[in-house]
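To keep things clear, I will list the structure first and then write my remarks on it.
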Protein chains: 2
Amino acid sequence: MKQTTPIAELKRDQGRTKSGNQDDHIYGQMFSAILEQRLSPGTKLSEDVLGEIFSVSRTVIRKVLQRLAHEKVVKIFSNRGAYVSEPSPDEARDVLDARKVVEEGIMRRVVKKRTTADIRILEGMLKEEALSIERDEHSKWVALSGDFHLALAEIAGNQSLTDYLRELVSMTSLIHVQYQSKKIGNQSCSCEEHGHIIEAVRAQDEEAAVRLMIEHIEACEEQLNLDGKEPISDLYEIFSDVAGS
Amino acid sequence: MKQTTPIAELKRDQGRTKSGNQDDHIYGQMFSAILEQRLSPGTKLSEDVLGEIFSVSRTVIRKVLQRLAHEKVVKIFSNRGAYVSEPSPDEARDVLDARKVVEEGIMRRVVKKRTTADIRILEGMLKEEALSIERDEHSKWVALSGDFHLALAEIAGNQSLTDYLRELVSMTSLIHVQYQSKKIGNQSCSCEEHGHIIEAVRAQDEEAAVRLMIEHIEACEEQLNLDGKEPISDLYEIFSDVAGS
DNA sequence: ATGCGACATATTGTCCACATTTAATGTGTT
DNA sequence: AACACATTAAATGTGGACAATATGTCGCAT
């Protein structure tokens, strides 16, 4: 008897088999909570507590935590539990750098494949972004801003790159929480930059699209305060001047 | 009471906390088995069977399967179990295309950062590759060939990209199993191509390095037989015209 | 004989209880 | 008072039992 079974029939389930179990709901809740910055980096994610919150056993919580851990937004320490990731400056640089690599490739493919319908969709997203900025809905804007990049990835039409970019975008959100420098306030410029990118895509100007995207990412990078000391200065830094007095 | 706890002290454990539990051993075994093609695509991975094989409960097997699933080498279907992935031609194209994007970025960084020590390491790997080809150790060569690309990623020094490339390399191995066309036999050329890449890296010729790498990936792509019909093309398509008759 | 439906089997999903490990507290000694 | 060690408490790691779901088989009705 052959052990390899034809799983052709299973293939058709690839699309819908995602929301069969209750995991996905809990996963979505936690993922959103982290991305919308309702869960700060460093927060301990106790299995018992989460189990009670969602009224499920630790088993399913563990599954969700492992998934989040693989996506790097959660870090699991052996025998010590799961915590919302606190990306180090090095990790942050890697993520931003990886985005330059991936999104350059994405832009080159987008300018070739984009349809007029795609442009319309992007413009619609841009309007929503602008709206959320006007209304000062910061966390919503963070999500929308990420969605814009993911929409470009969708247009490029490479599922693998899209999945990877989703991870990178999530991490970027965490990074912004941790390293947002105080001198900001002009984050909205991002919105303009997105507009320029759309223009380049519409014009199918590959080099401009790539350049604008990379400049956009670098602009994000410069808004951050990565050069300083390690992030969680906790306690030590906070009390460094009053301690010993 | 603040819910965010300082986990600064935990950070130091990031490096060593990887091999605390027995999961990693089982994961490694299964991962190798898949990559070395001892587990064919489509093979059902029963939790009970694996649990008996490794003398652990289903709990730990499930954990390993979920990890493999996230890395795309295993597919889990709700209530129906886990199977070794059978990448479709589309998925295969995406993976190879993603590799072009990622490895171009990696090469640009490698050329700038490589040291003479790095070159020596790469040359050592090349020799091992040649040796494994001479000895006709196919599965060993597959692994070594992947390691070469991962070594370049390490030199580039971006952990995020390295992790992603590891996934892509794994998938590439599965793809080769499924779509290896019969006309091959000159796979060994890969080894030469790796040699040329090393030369470009040594010379710090960025454009040559990028070009050689992309050509190398495209050469791999051409060895495959992706244009044919879907491997086990979805019944739907096959019977779409005769159904209902 | 064929087609439909109910039952039986096997596998996965979930929960709970126990084992193990870690971190913290308390105690005793120097 | 400071350090080292033993004890204690809490959280995670693991295993096994039960429930839910899908598949395969058998029987019955037409």
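Chain naming here is simple, since letters A, B, ... match the order of the sequence lines and numbering starts at 1 in each.
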Test log, rule salt bridge (Lys or Arg N to Asp or Glu O under 4.0 Å), inputs A/E47 and A/R62: CA-CA 7 Å; A/E47 297 179 356; A/R62 287 172 75 82; 2.7 Å; yes

Nearest-angstrom distance from the residue atom NZ of B/K63 to P of D/dT12: 12 Å

d(CD, A/Q66; C1', D/dT14) in whole Å: 13 Å

Between C1' of C/dT12 and CG of B/L45, the distance in whole Å: 14 Å

Qualifying ring-ring contact (aromatic ring centres under 6.0 Å, His included) pairs, either residue in residues 153-174 of chain B, two or more places apart: A/Y164-B/Y164

salt_bridge(A/R109, B/D97) N-O dist < 4.0 Å: yes

Pair A/D118-A/T115, side-chain donor/acceptor within less than 3.5 Å: yes

Rounded distance (Å) that lies between atom P of C/dG13 and atom CZ of A/R67: 14 Å

Value in whole Å for how far the C1' atom of D/dG16 lies from CD1 of B/I61: 15 Å

Electrostatic pair A/D147-A/K140, nearest N-O below 4.0 angstrom: no

Rounded interatomic separation in angstrom, taking CG from B/D23 and C1' from D/dG15: 14 Å

Distance below 4.0 Å between B/R58 side-chain N/O and D/dG16 OP1 or OP2: no

Presence of B/T59 side-chain N/O under 4.0 Å of D/dT14 phosphate oxygens OP1/OP2: no

d(CD1, B/I26; P, D/dT14) in whole Å: 9 Å

Stepwise salt bridge (Lys or Arg N to Asp or Glu O under 4.0 Å) check, A/R93 with A/E221: CA-CA 8 Å; A/R93 269 184 283 266; A/E221 203 166 359; over 6 Å; no

Can you check nucleotides 7-11 of chain D for protein contacts, nitrogen or oxygen pairs under 3.5 Å, and list what you find?
unit_1 : atom_1 : unit_2 : atom_2 : d
D/dA11 : O3'    : A/K44  : NZ     : 3.4

Whichever of A/A82 and B/V60 has its nearest DNA chain D nucleotide further upstream toward 5': A/A82

Interatomic distance, B/R62 CZ vs D/dG16 P [rounded to whole Å]: 16 Å

Sequence neighbours excluded, every pair satisfying ring-ring contact (aromatic ring centres under 6.0 Å, His included) that has a member inside residues 36-67 of chain A: none

